[in-house]
2 protein chains.
Amino acid sequence: MITIYDLAKKTGFSSTTVSKALNNYPDVSKKTRQAILDTAAEMGYLPNAHAQSLSTKKSWTIGVMFSEDNEIGMKHPFFSAVIESFRKHAEKEGYDLILASRNLRNRGSSYLEHFMYRGVDGIVVICSDPNDPQVQEMIDASIPIVVIDMSNQNCSVVFSDNLSGGELAINYLHSLGHTKIAHISGEPTIYAGQVRIQGYLDAMKRLNLPILDGYLVNGGMFSIEEGSQAMEKLLDLKDPPTAIFIAGDHMAIGAMEAAKKRGYKIPDDLSIIGYDDIEMASYVTPKLTTIKQDTDAIGIRATQLLMKQIIQKKKIITEEIIPVELIERESCKRLKKK
Amino acid sequence: MITIYDLAKKTGFSSTTVSKALNNYPDVSKKTRQAILDTAAEMGYLPNAHAQSLSTKKSWTIGVMFSEDNEIGMKHPFFSAVIESFRKHAEKEGYDLILASRNLRNRGSSYLEHFMYRGVDGIVVICSDPNDPQVQEMIDASIPIVVIDMSNQNCSVVFSDNLSGGELAINYLHSLGHTKIAHISGEPTIYAGQVRIQGYLDAMKRLNLPILDGYLVNGGMFSIEEGSQAMEKLLDLKDPPTAIFIAGDHMAIGAMEAAKKRGYKIPDDLSIIGYDDIEMASYVTPKLTTIKQDTDAIGIRATQLLMKQIIQKKKIITEEIIPVELIERESCKRLKKK
DNA sequence: AACATCAACGAAAGCGCTTTCGATCCAGAG
DNA sequence: CTCTGGATCGAAAGCGCTTTCGTTGATGTT
């Protein structure tokens with residue numbers, strides 16, 4: 001490994017001047033700067049990030065934390081899409097992402113501790129339980145942070161407009177003539193789950209639609225499997241719904257499976273609208289009508305918010321709500337008159 | 001930020017002893033070690049990773065590089081599953097992952113350079129073009145590396161048994177009575193694409209099956225869209241196949257779409273078998289029969305290989321081939337006699 | 001000729017930690 | 001009582017880089 005001292009020796013300047021040349025300080029002449037740059041290139045010099053960070057207290061890294069409960073980590077298409085967008089934009093600003101564990105060389109430790117240890121310049125946490133103490137701890141710390149897909153009064157957050165997403169769905173279903181509309185919700189302790197329920201409730205009330213007994217069923221952690229189970233419950237009702245708003249595409253797909261297995265035709269017997277617009281949604285049969293979350297915009301906005309905090313060196317508290325969009329495909333149909 | 005000097009001052013020992021206590025050196029008495037540990041906990045001491053790395057030349061990070069060509073990055077279910085598995089196991093060993101860009105604060109640079117700059121202890125590259133000079137550069141360097149889903153004579157690689165994957169598929173199709181079997185391949189310059197072609201070719205030869213004109217079509221970068229297009233070509237043939245082995249689930253799904261659009265029934269008119277077993281495969285209609293890659297095993301094996309190299313401080317050159325498995329679902333059917 | 005100004009460079013301290021190599025002290029050996 | 005050896009501890013150098021604060025010499029001013 002070749003250092004600025006090697007460059008100094010070679011060029012005859014001091015290490016100070018070399019460092020300054022490398023960092024575009026104004027008090028080094030064009031000529032010597034060029035000479036230094038040239039021999040740096042020639043000798044294959046590379047700065048040492050650790051030394052730099054140690055000296056400057058800036059690491060040009062940002063830590064990312066995934067939700068833990070649902071074991072899926074980055075396998076979930078929504079999360080991975082958001083992170084990919086975030087990565088792409090953070091990269092442009094010169095930051096690398098570090099996926100940290102809580103495992104400080106086998107002394108267990110918290111995420112915050114781990115991130116502090118790593119000296120990250122900021123943190124992004126994605127889709128978490130709002131009362132996860134780990135997340136709270138990070139939010140309460142003074143380090144720049146942005147959390148995605150969750151609300152909080154004490155930090156920057158960005159999430160989809162879950163409320164109007166629910167409305168969009170319900171209004172659409174209603175416009176197709178449906179009145180008996182059920183909701184398979186996500187876990188209410190998850191922020192997204194809770195707000196989508198609220199959206200459902202609000203829209204139903206505004207439309208003066210009744211919410212029959214058993215029409216609101218908790219689908220849990222958004223998995224396909226749980227979607228199936230929830231659908232079973234709905235179908236067991238004496239007066240089952242004609243349309244269902246489902247808080248996640250995975251659950252919706254599971255639900256469709258279950259319905260088909262029972263002999264229901266979708267969308268003829270049952271209209272279904274999902275949430276997320278994961279890739280799979282376009283390829284199941286029938287193609288899933290859904291509320292699309294703009295993962296790209298979420299990632300971009302999150303990056304901007306984090307950058308701003310890092311630059312200003314102070315937390316900023318704000319909520320960015322990203323609009324959602326109804327994607328009409330094939331899983332909903334006008335209710336046929338009986 | 002509190003340092004070992006703070007601990008030293010507080011406990012009355014030297015910073016040397018504090019460091020030794022923290023690192024379990026043998027030449028510090030039980031009593032003082034405990035005292036130091038206690039005040040460390042009490043004062044909320046956290047080591048500084050940068051200082052440690054600078055001093056020890058070990059960073060406890062490993063760099064990950066995704067393939068670039070296909071713009072999908074970590075959005076691809078296969079890659080993200082492998083990386084998730086890798087992450088989980090590397091974490092147990094105390095390593096964090098860093099997703100690096102090539103953008104050294106806006107002086108563009110190579111991945112290798114960036115990883116050197118970051119001082120990673122090892123590199124994992126996943127699914128790449130075998131002749132990407134970036135990858136070659138890393139392989140040729142002396143840093144521990146493991147590459148996934150690609151073959152190479154000069155480093156540790158781990159990939160699925162693509163050859164017998166192809167055979168598995170063809171034999172299965174043949175066992176169902178098919179003889180006119182086509183292959184929609186992945187880009188042959190991608191390792192996985194190329195070997196699956198070979199598997200197809202070998203199996204067909206062994207079975208003494210003819211490969212009719214136009215039966216081998218290049219599906220490109222494994223996307224749904226390209227799968228559709230490839231299928232179109234196949235269907236345009238004067239003598240179209242009755243069964244198709246497709247080198248990736250995404251392509252297979254696209255292909256099914258295209259076939260359906262043309263009025264073909266699957267599996268009645270056309271048997272289709274995919275590759276990967278992505279989540280979506282179980283939920284399209286018909287459910288896709290496919291060759292499952294064991295992403296978990298791949299991640300584990302890759303971790304082990306990398307750890308071994310890091311510990312031994314020398315590259316090890318080896319090929320780990322992970323078995324694949326035929327997952328029988330609904331997209332293939334016995335050929336009906338005419 | 002004497003002075004102020006400015007451009008270009010370097011000495012040195014500091015970032016937080018590790019590690020080598022002694023130094024010290026005390027128990028037990030001879 | 002002297003000597004040896006082991007158990008504890010610390011001084012100091014070093015990891016590679018940044019940054020403050022001077023120093024130097026040249027230029028321009030009166």
Side-chain angles (χ1 to χ4, degrees), chain A residues 1-37 39-40 43-61 94 104-105 107 113 115-121, chain B residues 1-37 39-40 43-61 94 104-105 107 113 115-121:
Chain A
M1 162 146 259
I2 122 136
T3 75
I4 56 171
Y5 291 100
D6 300 319
L7 294 186
K9 193 166 302 168
K10 184 92 168 196
T11 59
F13 293 100
S14 74
S15 63
T16 305
T17 304
V18 171
S19 174
K20 285 179 177 172
L22 261 16
N23 291 290
N24 281 314
Y25 271 58
D27 62 340
V28 31
S29 73
K30 273 206 172 318
K31 217 173 90 184
T32 79
R33 180 196 319 290
Q34 197 52 55
I36 291 174
L37 258 33
T39 74
M43 300 181 71
Y45 167 78
L46 276 181
N48 178 315
H50 301 300
Q52 266 180 184
S53 301
L54 181 57
S55 181
T56 58
K57 267 107 171 51
K58 168 136 183 109
S59 68
W60 295 97
T61 59
L104 263 186
R105 219 89 20 79
R107 337 172 170 108
E113 284 172 344
F115 286 139
M116 301 300 287
Y117 163 69
R118 284 289 181 200
V120 300
D121 296 331
Chain B
M1 161 145 260
I2 122 137
T3 75
I4 56 170
Y5 291 101
D6 300 320
L7 295 186
K9 194 167 301 171
K10 185 91 168 199
T11 58
F13 292 101
S14 73
S15 62
T16 304
T17 304
V18 171
S19 173
K20 286 179 177 172
L22 261 16
N23 291 289
N24 281 313
Y25 271 59
D27 62 339
V28 30
S29 74
K30 274 207 171 317
K31 217 173 89 183
T32 78
R33 180 196 319 290
Q34 196 53 53
I36 290 174
L37 258 33
T39 73
M43 301 181 71
Y45 167 77
L46 275 180
N48 178 314
H50 300 299
Q52 265 179 185
S53 301
L54 182 57
S55 180
T56 58
K57 266 106 174 51
K58 168 140 183 104
S59 69
W60 294 98
T61 59
L104 264 186
R105 220 89 19 77
R107 337 172 170 111
E113 284 172 346
F115 285 139
M116 300 299 289
Y117 163 71
R118 285 290 181 199
V120 300
D121 296 331

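Below, chain A is the first sequence line, B the second, and so on; all start at residue 1. Keep in mind that this is a model prediction, so the values were computed, not measured.
- Exactly one residue among B:Leu22, B:Val18, B:Thr39, B:Ile36 makes a side chain to side chain contact (heavy atoms under 4.5 Å, CB included) with B:Tyr45. That residue is B:Leu22.
- OP1 or OP2 of C:dG10 has at least one side-chain nitrogen or oxygen of A:Thr17 nearer than 4.0 Å.
- When all heavy atoms of A:His50 and B:Leu54 are compared, the pair lying nearest together is CB-N, 4.2 Å.
- OP1 or OP2 of C:dG16 sits under 4.0 Å from a side-chain N or O of A:Lys57.
- No hydrogens or angles were tested; on distance alone, nothing pairs the side chain of A:Ser29 with the base of C:dA8 as donor and acceptor under 3.5 Å.
- Within 3.5 Å, no donor on the side chain of A:Thr32 pairs with an acceptor on the base of C:dA8, nor the reverse.
- Rounded to whole Å, the distance from CG on B:Leu54 to C1' on D:dC17 is 8 Å.
- Proximity of a side-chain donor or acceptor of A:Ser55 to a complementary backbone N or O of A:Ala51 within less than 3.5 Å is not detected.
- One N or O on the side chain of B:Ser59 and one on the backbone of B:Gly119 form a donor-acceptor pair closer than 3.5 Å.
- The two residues A:Met43 and A:Leu7 make their nearest non-hydrogen contact at SD-CD2, 3.7 Å.
- Within 4.0 Å of A:Ser53, counting heavy atoms only, lies no atom of the nucleic acid at all.
- As a whole-Å value, the separation of B:Met1 CE from C:dC17 P is 7 Å.
- A straight line from NZ of B:Lys58 to C1' of C:dG16 spans 19 Å, rounded to a whole angstrom.
- The shortest distance between the side-chain N/O atoms of B:Ser19 and the OP1/OP2 oxygens of C:dG16 is not below 4.0 Å.
- Where B:Asn48 and B:Lys20 each meet DNA chain C at their nearest nucleotide, the meeting point lying more 5' is that of B:Asn48.
- Within a 6.0 Å radius of NZ in A:Lys58, more than 12 heavy atoms belonging to other residues, nucleotides or ligands are found.
- Across the protein-nucleic acid pair, B:Lys31 atom NZ and D:dC9 atom P stand 9 Å apart, rounded to whole Å.
- The stretch residues 3-11 of chain B comes close to DNA chain C through B:Thr3, B:Ile4, B:Tyr5, each having a heavy atom under 4.0 Å from the strand.
- Residue A:Val28 comes nearest to A:Thr32 through the heavy atom pair CG2-OG1, 3.0 Å, listed as atom of the first residue, atom of the second, then distance.
- Side-chain N/O atoms of B:Tyr45 include one lying less than 4.0 angstrom from OP1 or OP2 on C:dC17.
- Counting non-hydrogen atoms under 4.0 angstrom, B:Gly12 reaches the backbone sugars and phosphates but no base.
- Whole-Å rounding puts the A:Ile36 CD1 to C:dA8 C1' distance at 11 Å.
- The interatomic distance linking A:Lys30 (NZ) with C:dA8 (C1') rounds to 14 Å, in whole Å.
- Using modelled atom types and a 3.5 Å distance limit, the side chains of A:Thr16 and A:Ser19 yield no donor-acceptor pair.
- Note on B:Gln52: every side-chain N or O is 4.0 Å or more away from OP1 and OP2 of C:dG16.
- Heavy-atom nearest nucleotides on DNA chain D were determined for B:Ser55 and for B:Ser14, and the one closer to the 5' end corresponds to B:Ser14.
- Separating the NE2 atom of B:His50 from the C1' atom of C:dG14 is a distance of 17 Å, rounded to the nearest angstrom.
- For B:Thr56, counting side-chain heavy atoms from C-beta on, the closest listed nucleotide (D:dC17, D:dT18, C:dT19) is C:dT19.
- Regarding A:Phe13, its CZ atom lies at a distance of 13 Å from the P atom of C:dA11, rounded to whole Å.
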